[in-house]
2 protein chains.
Amino acid sequence: MKDQKLNPAVSGLTLTEQMQRGQVFAERCPSRQVLNHVTSRWGVLVLIALLEGTYRFSELRRKITGVSERMLAQTLQSLEADGFVLRTAYPVVPPHVEYSLTPMGEEVAVRVRELADWVEINLHRVLEVQAAQEVSA
Amino acid sequence: MKDQKLNPAVSGLTLTEQMQRGQVFAERCPSRQVLNHVTSRWGVLVLIALLEGTYRFSELRRKITGVSERMLAQTLQSLEADGFVLRTAYPVVPPHVEYSLTPMGEEVAVRVRELADWVEINLHRVLEVQAAQEVSA
DNA sequence: ATTCAAACTTACCTTTTTGTACGTACTTAC
DNA sequence: GTAAGTACGTACAAAAAGGTAAGTTTGAAT
């Protein structure tokens, strides 16, 4: 009931949400780990890529410039373990494996993409700040 | 005009945004670095914390359980360099320094918090998936 | 006189993450 | 018959991130 004491941007959360909120600040909360998976260097890019549709392993590798096979495999596995990515393997030779988002994966990916979009769109503002600080430094 | 070919979640972007989109997939794009700053282990937590208001260094340290002084200082510096965090030092002894979000910082932080909120609120779903996979593994 | 507190910085060391290179199994292309 | 493509696993090495502990500065409290 003392919601108004908080920053206005914080209001709009239900009581349940309020109670859940703040757990990330706790050291041992598993939410930190899940968050680390989706915000990991390659996790972010994989999620955004898969929002566009289904991709094969090597297609993803070509799309996400700079990932090693090892890292891509590892990232996909952790996202699969969290239930964000669906792996479909067709038992043919050469192997054919498709990756897509689960419904839950889409939900996170949308948020991740919004963040990435903001960064891309506002990148020039950040670069301006950085440039301005170099001068005054 | 062929927006409909894309995943519906992707539409709603302007042409300019469409053109900017995809730069993150390029290896050397600076947006990747900025993204790494805000999605870094401690960066996420600092941004969310500062959405609640202004904090002093040691207050942040107590709030974000598990950060070392070294990491907190480093994180704050990179966020300041990107123009997301405003550092205000009062020349008194002992030192008094306040950290808050710049307008630009609030914009990112809101997105970061939405992502973190989703994770916290849906954590149980993730844990259920993880538990189910352990059985079948 | 000694301790404490703030907000760091620095040196040193450990842990985690990431990359490189190679191996695998099988088939198609040259 | 040799190379290439597919989707990885694995060993080793380098790089990056992170932690620990100590030092700094100055005034106020004990």
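Each chain gets a letter, A, B and so on, in the order its sequence line appears, and its residues count up from 1. Since the model is a prediction, treat every value here as computed from it, not as a measurement. Excluded from the calculations below are hydrogen atoms, water molecules and symmetry mates; all remaining heavy atoms, backbone and side chain alike, are included.
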* Roughly how far, to the nearest 0.5 Å, is the CD atom of A/E80 from the OG1 atom of A/T75? -> 12.5 Å

* Using a 4.5 Å cut-off on heavy atoms from C-beta on, say whether the side chain of B/L115 contacts that of A/T39. => yes

* Tell me, please, which residues at least two apart from A/R62 pass side-chain contact (heavy atoms from CB on, under 4.5 Å). => A/S58, A/E59

* Hey, could you give me the CG/CZ distance between A/L45 and B/F25, rounded to the nearest 0.5 Å? => 6.0 Å

* With sequence neighbours left out, write down each residue that passes side-chain contact (heavy atoms from CB on, under 4.5 Å) with B/Q74, or none if nothing qualifies. => B/R70, B/M71

* Asked: Should the pair B/K63-B/E52 be classified as a salt bridge under the 4.0 Å nitrogen-to-oxygen rule?
  -> yes

* Structure fact -> Note: contacts of residues 86-96 of chain A with DNA chain D (heavy atom, under 4.0 Å) are A/R87, A/P94, A/P95, A/H96

* Reported CG-to-OH distance for the pair B/L76 and B/Y99, which is rounded to 0.5 angstrom -> 5.0 Å

* Carboxylate-amine/guanidinium contact B/R125 A/E107, below 4.0 Å -> yes

* Asked: Does the A/S31 side chain pair with the main chain of B/E120, one donor and one acceptor, at a distance under 3.5 Å?
  -> no

* Pull out every residue in residues 66-75 of chain B that has a heavy atom closer than 4.0 Å to any atom of DNA chain D, ordered by number, or say none. => B/G66, B/S68, B/R70, B/M71

* Degree of bending, the helix from C/dA1-D/dT30 to C/dC30-D/dG1 (end axes from five pairs; round to 10°) -> 20°

* Short question: side chain of B/R56, backbone of B/H96 - any donor-acceptor pair under 3.5 Å? -> no

* B/Y99 side chain near C/dA6 phosphate (N/O to OP1/OP2, under 4.0 Å) -> no

* To do: Please work out if B/Q77 contacts a base, only the sugar-phosphate, or nothing of the nucleic acid, heavy-atom cut-off 4.0 Å.
  => sugar-phosphate

* For atom CD of B/E98 and atom C1' of C/dC8, their distance in whole Å -> 16 Å

* Would you confirm whether A/E98, through its side chain, and A/R87, through its main-chain N or O, come within 3.5 Å as a donor-acceptor pair? => no

* Asked: Is the shortest side-chain N/O distance from B/R56 to OP1 or OP2 of C/dA7 below 4.0 Å?
  -> yes

* **Nucleotide range of DNA chain D lying under 4.0 Å from chain B heavy atoms** => D/dG18 to D/dG27

* **pair A/R111-B/R111: side-chain heavy atoms closer than 4.5 Å** => no

* Nearest-nucleotide wise, let me know which of A/W42 and B/L76 is further upstream toward the 5' end of DNA chain C. => B/L76

* Verify, without hydrogens or angle tests, whether A/R113 (side chain) and A/I48 (backbone) share a donor-acceptor contact under 3.5 angstrom. => no

